[in-house]
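All of these numbers come straight from a predicted model, not from anything done at the bench.
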Amino acid sequence: MQELHLLWWALLLGLAQACPEPCDCGEKYGFQIADCAYRDLESVPPGFRANVTTLSLSANRLPGLPEGAFREVPLLQSLWLAHNEIRTVAAGALASLSHLKSLDLSHNLISDFAWSDLHNLSALQLLKMDSNELTFIPRDAFRSLRALRSLQLNHNRLHTLAEGTFTPLTALSHLQINDNPFDCTCGIVWLKTWALTTAVSIPEQDNIACTSPHVLKGTPLSRLPPLPCSAPSVQLSYQPSQDGAELRPGFVLALHCDVDGQPAPQLHWHIQIPSGIVEITSPNVGTDGRALPGTPVASSQPRFQAFANGSLLIPDFGKLEEGTYSCLATNELGSAESSVDVALATPGEGGEDTLGRRFHGKAVEGKGCYTVDNEVQPSGPEDNVVIIYLSRAGNPEAAVAEGVPGQLRPGLLLLGQSLLLLFFLTSF
């Protein structure tokens, strides 16, 4: 039994003194150090002691960092990985290092980085990611790094940075972002303002310069001239909207999203109908109403036709198409949204659906929406409800000319044509 205990202690002692063969391990100034630099390594070697606090893997040939690459060293405080060939840092490669204070990934080829791993590194004070191939940094990448003092992102391929990227870094005193190919558009103006007013030390500001547009190439960000920039705004109108008009089933409903902003916003439609949610990035059809090449639709004429001028046409509008229609405009400075609820009802009948009851309830309170010059004017964003009344005689069969299956009555066809003509004359 005593021999078994001795064997057990010997095993533990052996594990405590373990060190990967290519590396040198030891204690210095109270730190457990593993030096694996300049060893021509192509992967992180296994066999480290669990109490290692400093690990150097610099100047090797590591091509990437896989998930769990440093699981053996959970107490690591300093990790040096400069001058390797790292292209990818996988999710979970760094997430376990909650005690890490210094991380050096500089002078690699990193283009794919698991930014979410940084959310676990709240003790980090130094982060060096300069001289890589980074093209994008998420807005929330540094949200947990409140202890970070020095951040180096210079000599990458960053074209822009989202406003607020550095806001969580309340302890930051040193930032390097020079020698990146910045696009000096409206989305970068905030960085100029922030850099000129922050107490953070930002060296080489003359090298924080524009690469595009061509007219601004080489201009330091600190001397960027004023740009004509504005956040998006939207106004949603609809046709038909004649007060008291009674329409037959199968009419064309036309919504128009009037968008303003600089740079020109991207328009997106979000449609919630009984059968589910439809998402459309505008445009999905050309001026002829046919689907654009590459648009994922079931037919050449989509059920919801989004045009480049901001119009959305819904031919043969019926109960299946009633619901909430929202247009969302987005550019570098933000987004804006406007919505309208559309319901069908027959006047004098009590079978109106939830949207109809909601409309009449708000009408009693003096709320809801009214029409001016064929545009919907909601009294508030939560009160935007449109009720379109169908003629009682307008059953599905009444919309078909007698003796000619599938042919619309002349009055109904004229209505659809006039709506299309009105929108295309005023919008294009």
Considering only distance and modelled atom types, tabulate donor-acceptor pairs under 3.5 Å from the side chains of residues 65-78, sequence neighbours left out.
| unit_1 | atom_1 | unit_2 | atom_2 | d |
| --- | --- | --- | --- | --- |
| E72 | OE1 | G47 | N | 2.9 |
| E72 | OE1 | F48 | N | 3.1 |
| E72 | OE2 | G47 | N | 3.3 |

Atom of L62, atom of V44 and distance for their closest heavy-atom approach: CD2-N, 4.0 Å
Flag side-chain contact, heavy atom, 4.5 Å: L169 against L151: yes
Beyond-backbone contact of F304 with L313, side-chain heavy atoms, under 4.5 angstrom: no
Minimal non-hydrogen separation, Q205 against I202, with atom names: CG-O, 3.1 Å
Residue list, side chain to side chain donor-acceptor pair (under 3.5 Å) with H107, at least two apart or on another chain: none
Any donor-acceptor N or O pair under 3.5 Å, side chains H256, S237: no
Closest heavy-atom pair and its distance - E337, L328: CB-CD1, 3.9 Å
Distance in Å, Y38 OH paired with H83 NE2, rounded so as to fall on 0.5 Å steps: 7.0 Å
Salt-bridge contact E85-R61 (side-chain N to carboxylate O under 4.0 Å): no
I'd like a table of donor-acceptor pairs (distance under 3.5 Å, sequence neighbours excluded) in which one partner is a side-chain atom from residues 208-224, with atom names and distances.
| unit_1 | atom_1 | unit_2 | atom_2 | d |
| --- | --- | --- | --- | --- |
| S212 | OG | D183 | OD1 | 2.4 |
| T219 | OG1 | L216 | O | 2.9 |

Within-4.5 Å side-chain heavy-atom neighbours: I271 and L312: yes
D24 with R39: basic N within carboxylate O range, under 4.0 Å: yes
Identify every side-chain donor-acceptor pair in residues 86-105 under 3.5 Å, counting partners at least two apart or on other chains, and give the distances.
| unit_1 | atom_1 | unit_2 | atom_2 | d |
| --- | --- | --- | --- | --- |
| D104 | OD1 | S106 | N | 3.0 |
| D104 | OD1 | S106 | OG | 2.7 |

Check: L158 and T135 side chains under 4.5 Å, non-hydrogen atoms: no
Separation between OG1 of T165 and CD1 of I137, rounded to the nearest 0.5 Å: 7.0 Å
side-chain contact (heavy atoms from CB on, under 4.5 Å) partners for E163, two or more places apart: R139, W190
For S326 against T324, the heavy-atom pair lying closest together: OG-CG2, 4.0 Å
Close side-chain approach of L57 to C36, heavy-atom, < 4.5 Å: yes
All side-chain contact (heavy atoms from CB on, under 4.5 Å) counterparts of T167, not counting sequence neighbours: none
Heavy-atom closest pair, residues L118 and S144: O-CB, 4.3 Å
Nearest-0.5 Å distance that lies between atom CD in E204 and atom CG in D179: 6.5 Å
Side-chain heavy-atom pair I177, N154 within 4.5 angstrom cut-off: no
Heavy-atom pair of closest approach, residues N180 and R157: OD1-N, 3.4 Å
N/O donor-acceptor pair under 3.5 Å between H119 side chain and D140 backbone: yes
Side chains of V52 and C25 in contact at under 4.5 Å (non-hydrogen atoms): no
pair P283-F307: side-chain heavy atoms closer than 4.5 Å: no
OG-CG distance between S150 and L172, expressed to the nearest 0.5 angstrom: 7.5 Å
